[in-house]
**Q** 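Starting off with a structure, shown below.
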Number of protein chains: 2
Amino acid sequence: MTTLNTWVSVPKNSDFSIYNLPFGIFSVDGDEPKAGIAIGEQIVDLSALANLGLLDVNTTYFRQSTLNDFIALGKKITNKVRLDVQRLLVLDNSPLKNHPEVFIPQEDAKMHLPVRIGDYTDFYSSIEHATNVGKMFRDPENALLPNWRHIPVGYHGRASSIVVSGTNIHRPMGQVKTNDMETPVFQASNRLDFELEMGFIIGKSTKLGERISTKNAAEHIFGLVLFNDWSARDIQKWEYVPLGPFLGKNFASSMSPWIVTLEALEPFKVQGPEQQPEVLSYLQYEGQLNYDIQLQVGMSAQTSDETVISESNFKYMYWNMMQQLAHHTVNGCNINVGDVMASGTISGKDESSFGSLLEISWGGKKPFTLCDGSQRTFIEDSDTITMRGFAEKEGIKVGFGEVSGTILSSK
Amino acid sequence: MTTLNTWVSVPKNSDFSIYNLPFGIFSVDGDEPKAGIAIGEQIVDLSALANLGLLDVNTTYFRQSTLNDFIALGKKITNKVRLDVQRLLVLDNSPLKNHPEVFIPQEDAKMHLPVRIGDYTDFYSSIEHATNVGKMFRDPENALLPNWRHIPVGYHGRASSIVVSGTNIHRPMGQVKTNDMETPVFQASNRLDFELEMGFIIGKSTKLGERISTKNAAEHIFGLVLFNDWSARDIQKWEYVPLGPFLGKNFASSMSPWIVTLEALEPFKVQGPEQQPEVLSYLQYEGQLNYDIQLQVGMSAQTSDETVISESNFKYMYWNMMQQLAHHTVNGCNINVGDVMASGTISGKDESSFGSLLEISWGGKKPFTLCDGSQRTFIEDSDTITMRGFAEKEGIKVGFGEVSGTILSSK
């Protein structure tokens, strides 16, 4: 990769290096939300840049509360905006040096959900996670269901309850029936969990009846975010047969505010796991379509420090995003700019890389200890879950920041 | 009910009587879509009425391609608009008599999807349908799953692929694996089905964490439509365990264009079926919350007349809409104006009232005959499915028009 040096001060280990430049929506002091690009600890105000005549896109596209209309302009334009900003941040005689007002400190900004999400799909594409869940919920001898290696299994989730990082979540109430109960009871979930996921944001719509090939799928993916698919395991267990998860999931999902573009992640492509048996032709692909993104989950009780409870990697995914998109549209289902498709829980092979408490505490049977000495099986009130992710190679780092959320008591 | 007589010519048996006055979005000659109310064979152009100063709502609310912003004004305002139009259509000295331009013949108008749908939820609330499916897909002796009488079971569907009546649908392709196959194949679905449903449109949003009681649920329901949840049974069967239906459903769902308000349906409330065992307190309700709406499904091959293949009734629903909404939000899941929640297939007790071909042909084992003499188990290319619905009492009729769709060959 070409070495790039920016004249903006960027902390050495920043997720938001000159190679990254993710898009987000921010506001300052209660003003209207608008679009920005993160660099180091700053945000470049894209509407201000456009007003200065430094971008080819009209400022109205950046003075909106979501990125949808901007993204819909297409990659030719959105990529050029990103590269134009990169050039302005590298140039010795950059016109931006005379315009400090286009830089907003991230600590002064409030971040918002970056897109208006039409539909949200959640996949189930980690073979380790699917196997672990199958062992616990179903048959340990036949943990993986017969369709799993043939289909990137997915289901529709709730778009309305996706919130941005930093939003607190009330513990959901719901119907629970454990094996020792004769009839269900209504109570606060006491098996509240997270799921470590990544989500991708649709960048190009299709019409009903159109199909996307694995070869063309990347054109339809604008970028990626970190995604926490909060899950109430007790509610889920009682409700999910036969039509799938519903209230056990749709009380909230959290996503990180900065969309890291697929182009910024290009250097971090790696080969995915071998798929056996061979998949059907519409799911076959060429090249490296997995991404080496290191993931971490931290958990902290109200006043204590954080304990790292999982270290996983997006590269473990059995089914890659291009296969997911090819499958999702193979029946003609249409997708829209701003749709979110999440990976499903990203677990690795060993316990330290499990992406949910269901797996870490093995269904609640193996309590673990936080650094303050307290024990956990599932999430307790006032606990905070923070997920982080970054790719790194040859000294170049492209990170996602974090998605964080605190669980409040039920109401 | 007070007898109302309109000076507009309304055919005797019209769904769109002076008692109904449903809202929809229409366009003429490729002009911009706008809001209207149906009366007989005409559409009242609401933007024209507002321009004449005859409504309390600014015309900009009606000059939009969806009803969302209008509906979001709240029932106090939307009900008043409907009653104001009713009065104008009844008054002997109505100012509208001098303004024939506000009436558009329905045959000259193209109807559009009436709302921008944020999220779509499909319930599974007919006990007869759930029992029939359970007998075929699972265990005949324990057809109804243990949670069914405790939970208004539902799942999230795909909002993007909901289309308005009259939209043709290509037969979906997908993965299929029948019991006699060793591995799945990719092919056009050959068990393509409809599902006779009704949908309700959310009229009032909630915030994340809010709960709706069965008592307050009606405030959040703007009105109802007919809904055909097209289903590819072979794709569904192979994919749906464990996370529920996905590509077997999301290639398309069709809805009728006119939203019949809950207020227009008020006279047709009836008592629902007794619920045993007693439901949890958040699902209990007072009064009559089922609706007596007669439903009919017609099927026709390309050039032949229509055969009525099902006659059912919305009153059969075991779980009513208010219970569905109370359940959907009991965990704090938020809802938005324009969201669609469908009932699930509405089957009655006997074969003539089954709401899907899966049930009518009993999983393909019992072919039936159309009026042109041809036999069917599932839908063939060029077949048209048309659903109709109306409520009628003491000579007063409130109908939904129809939702119709033709299946084209796969592509």
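A note on names: the letters A, B, ... follow the listed sequences, proteins ahead of strands, and every chain is numbered from 1.
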**Q** Using modelled atom types only, decide if a donor and an acceptor are shared between the side chain of B/Asn331 and the backbone of A/Met173 within a distance under 3.5 Å.
**A** no

**Q** Does B/Glu278 have more than 12 heavy atoms from other residues, nucleotides or ligands lying within 6.0 Å of its CD?
**A** no

**Q** Tell me, out of B/Pro172, B/Ser410, B/Gly174, B/Gly154, who's got the most heavy-atom pairs with chain A below 4.5 Å.
**A** B/Gly154

**Q** Quick one: are A/Leu243 and B/Pro245 in side-chain contact, heavy atoms under 4.5 Å?
**A** yes

**Q** Are any of the side-chain heavy atoms of B/Pro242 and A/Tyr240 separated by less than 4.5 Å?
**A** yes

**Q** Are B/His156 and A/Tyr155 side-chain neighbours, meaning at least one heavy-atom pair lies under 4.5 Å?
**A** no

**Q** Where on A/Ile335 is there a heavy atom nearer than 4.5 Å to chain B: the side chain, the backbone, both, or neither?
**A** both

**Q** Using heavy-atom distances under 4.5 Å, tell me whether A/Val330 contacts chain B through its side chain, its backbone, both, or neither.
**A** both

**Q** Among B/Leu208, B/Val185, B/Asp339, B/Ile151, which residue has the highest count of heavy-atom pairs closer than 4.5 Å to chain A?
**A** B/Ile151

**Q** Between the side chain of B/Gln175 and the main-chain N/O of A/His150, is any donor-acceptor distance below 3.5 Å?
**A** yes

**Q** Just give me the residue among B/Gly157, B/Gly118, B/Gly248 that pairs up with chain A most often, heavy atom to heavy atom, under 4.5 Å.
**A** B/Gly157

**Q** Name the member of B/Ala252, B/Pro146, B/Gly134 that forms the most heavy-atom pairs with chain A at distances under 4.5 Å.
**A** B/Pro146

**Q** Which answer fits A/Pro277, side chain, backbone, both or neither, if we ask what part of it has an atom under 4.5 Å from a heavy atom of chain B?
**A** neither

**Q** Heavy-atom cut-off 4.5 Å, strictly under: side chain, backbone, both or neither for A/Arg171 against chain B?
**A** neither

**Q** Within the distance-only criterion (no hydrogens, no angle test), does the side chain of A/Asn147 pair as donor or acceptor with the backbone N or O of B/Val241 below 3.5 angstrom?
**A** yes

**Q** Please classify the contact between A/Arg116 and chain B as side chain, backbone, both or neither, with a heavy-atom cut-off of under 4.5 Å.
**A** neither

**Q** With a sphere of 6.0 Å drawn around NZ of B/Lys177, does it hold more than 12 non-hydrogen atoms of other residues, nucleotides or ligands?
**A** yes

**Q** Using non-hydrogen atoms only, which part of A/Ile162 is less than 4.5 Å away from chain B: side chain, backbone, both, or neither?
**A** neither

**Q** Where does A/Leu247 contact chain B at under 4.5 Å (heavy atoms): side chain, backbone, both or neither?
**A** both

**Q** Measuring heavy-atom distances to chain B, does A/Phe251 have an atom under 4.5 Å in its side chain, in its backbone, in both, or in neither?
**A** both

**Q** What option among A/His170, A/Lys249, A/Arg138 has the most heavy-atom pairs under 4.5 Å with chain B?
**A** A/Arg138

**Q** Using a 4.5 angstrom heavy-atom cutoff, name the option from B/Gly209, B/Ala188, B/Ser161, B/Ser189 with the most pairs to chain A.
**A** B/Ser161

**Q** Kindly say whether A/Tyr120 contributes a backbone atom to a donor-acceptor pair with the side chain of B/Arg158 at under 3.5 angstrom?
**A** no

**Q** Among the options B/Tyr282, B/Phe137, B/Trp148, B/Tyr124, pick out the one with the most heavy-atom pairs lying under 4.5 Å from chain A.
**A** B/Tyr282

**Q** Going by atom types alone, do A/Ser160 and B/Asn334 pair a side-chain donor with an acceptor below 3.5 Å?
**A** yes

